[in-house]
Novice: 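This is the structure I have questions about; it appears just below.
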Amino acid sequence: MNAVLVVGVIGADCHSVGNKILDYAFSEAGFKVVNIGVLSSQEDFINAAIETNADAIIVSSLYGHGEMDCRGLKAKCIESGLENILLYVGGNLVVGKQDWETVEQRFLEMGFDRVYPPGTHPDTAMKDLIFDLRLNMIPEGGSMNGVYSAY
Amino acid sequence: MECIQLIDFGSTYTKVIVVDKLAQQIVASAETKTTVETDIMIGYEKAFAQVKGQVGGECEWTDCLVCSSAAGGLKMIASGLVPELTSEAARLVCLGSGAKMLEVFSQKLSSQDIANIKKLNPDIILLAGGTDGGNQDCIIHNAKRLSETIKQIPYVAAGNKNAMDDLEAIFNENDVYYKITDNVMPVMNQVQIEPAREVIRNIFMEKITEAKGLGKAKEKLSREIIPTPMAVLRAVELLAKGTEHSKGWGPLMVIDIGGATTDVHSACDGYPTHSGTIMKGLFEPFLKRTVEGDLGMRVSAESLKDSVGVRTLEELSHESFSYVTDRCSVLSNNTELLATNKREVDFDESLASAAVKVAVTRHAGLLESVYTPLGMLFYQTGKDLSSVNTIIGTGGVLAYSKNPEKILKHSLMDKTKPEQLMPKKARFVVDGAYMMSAAGLLSERYPELAFKLMSDYLKKVGKKNEPQKQKMVRRSVS
């Protein structure tokens, strides 16, 4: 069974290009992608993850208000019975020039398992997914050079 | 003369309409009290004698089609996983199958839920939950708990296809009647109605009609009996889409104001018409039906008053607070009461106007604005009905009203509330001859005839419409 990923852009953010790229890259690599699109609320991510029995929620935020939109997501996941689901977040998470280390730390404290800065290649997240989900898969589509495995 | 008999066993009246197949017109109609408590055929025979009298001697009865909402119609319970997703999809399926929704459950059922379902005693239980490949625990848990306790009620399983083998084993083990069909939500946010509806229709015919005292009708009249709302939905679809030879009416809506409920049917895509609008949540089906159990002219008059507020009814009817409250309580306690003078008729029409307004508002989608760094954007949940260009009203209050347009115009968009996506401009049509369910019965076998009859007998109302030649229906009531 392929790993199921819920992908979407959180809050009042409607940047759809990166969302489409992630959808394409993950699908090509052999993941089952449930794309809930732009302008998605925390509840939309959680509801989709429950119904599809997802392995990970991958949140994008491009417009700088990511911190505000992402607060409380982990707590709601726990409340909804998704305490073990992987939470990834990436994009332009904060406004202005802030030190990445502290930004990453803030999001890790919010309960995210992985936090990605602007300009991250989808391969990086895929590599982490394979490791975190203990998957033994060779991504299809050739976007990744070589084989990544948790084993 | 070749005649087709169309029978509608209603909760109070049994209606029989006779159509001349070649002349393509209604040649007789009659209604009598439904006699479901004793023998449903007694009331029917009486009505049949009347239509036979109207038709005269030379008549060959070529076909007989039957629908029924007698003995409470088709009552259903649905259960899903997430309230906004599979539970909502399951609800849309039940309503789209012509059922009366008793209750919709979400997540894993508790012992209290199961006791509650037992008490509600539905005709069919619909189980959903999980997209294909998604969550299985919920539907398996529910199927197990339910079939262990409730053995007499047929089950329809329309959830995650990966759970269906387990469900089959559970149902077999507990020795209950079940049917497995395609998922009501195979992928996120996509509702799939047809497969489950077909299964529900079959169970209604095979199992429910017998239990509802319709066994004799099935034996003597027609093997196929469908729930009346399903017949209406078929008519709505045919009228909107047209037939091979006739062009459809396009996007339309039907409002049925009854004594206990107000039903709204819409046939349109409902896609956004505003620029910068993004769809959220479930994609609702082309053919959507909602039933408002709290809005009605008699049994639900009191709950209608509570839902819309006394103030609204005061404004609509220009009556005092005490008249409104008294009259509503009298009407809901005396369901057979007819309006006898102008004041009472006017008040009935005010009730109908309020019911139309609230029922259509609930049926229609909603637009919410969001401010983003890219400017203002809109979320749309549900269907945008602004493309609807025909609104058809049915029900006694409209059929007998001198000014049905006044009632129906409450279904249009309120200019102060543009976020409620109701129709903007539409022509109004009244179904005074109970054509919709009759045409729906005809639609499967005789689509051209059904379409022709609706075009002929549905009466356009309102000033802007050109006068149209009307065919009269002879009817006798006993």
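As the structure is a prediction and not an experimental result, all values here were calculated from the model. Hydrogens, waters and symmetry mates are skipped; everything else that's a heavy atom, side chains included, is used. Each chain gets a letter, A, B and so on, in the order its sequence line appears, and its residues count up from 1.
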Novice: Quick check on B:Leu85 against chain A: is it the side chain, the backbone, both or neither that has a heavy atom closer than 4.5 Å?
Specialist: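 For B:Leu85, backbone and side chain are both near chain A.
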Novice: If I measure from the heavy atoms of chain A, does B:Asp132 come under 4.5 Å with its side chain, its backbone, both, or neither?
Specialist: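 Backbone of B:Asp132 only, per the 4.5 Å heavy-atom cut-off to chain A.
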Novice: Please report the C-alpha distance between B:Asp166 and B:Lys144 in whole Å, then the side-chain angles of each, then the deciding distance to 0.1 Å, and finally whether the salt bridge (Lys or Arg N to Asp or Glu O under 4.0 Å) criterion is met.
Specialist: CA-CA 10 Å; B:Asp166 289 357; B:Lys144 204 162 177 222; over 6 Å; no
Novice: Angle between ring planes, A:Phe112 versus A:Phe107, binned at 30° and 60°: parallel, tilted or perpendicular?
Specialist: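 Ring orientation, 0 to 90° scale: tilted.
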Novice: Given that the side chain runs from C-beta out, which part of A:Asn35 has a heavy atom under 4.5 Å from chain B: side chain, backbone, both or neither?
Specialist: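 Neither; nothing under 4.5 Å.
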Novice: Would you call the rings of B:Phe378 and B:His274 parallel, tilted or perpendicular if under 30° counts as parallel and over 60° as perpendicular?
Specialist: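 Tilted, since the angle between the ring planes falls between 30° and 60°.
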Novice: Does atom NZ of B:Lys280 have more than 12 heavy-atom neighbours from other groups under 6.0 Å away?
Specialist: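 Above 12, so yes.
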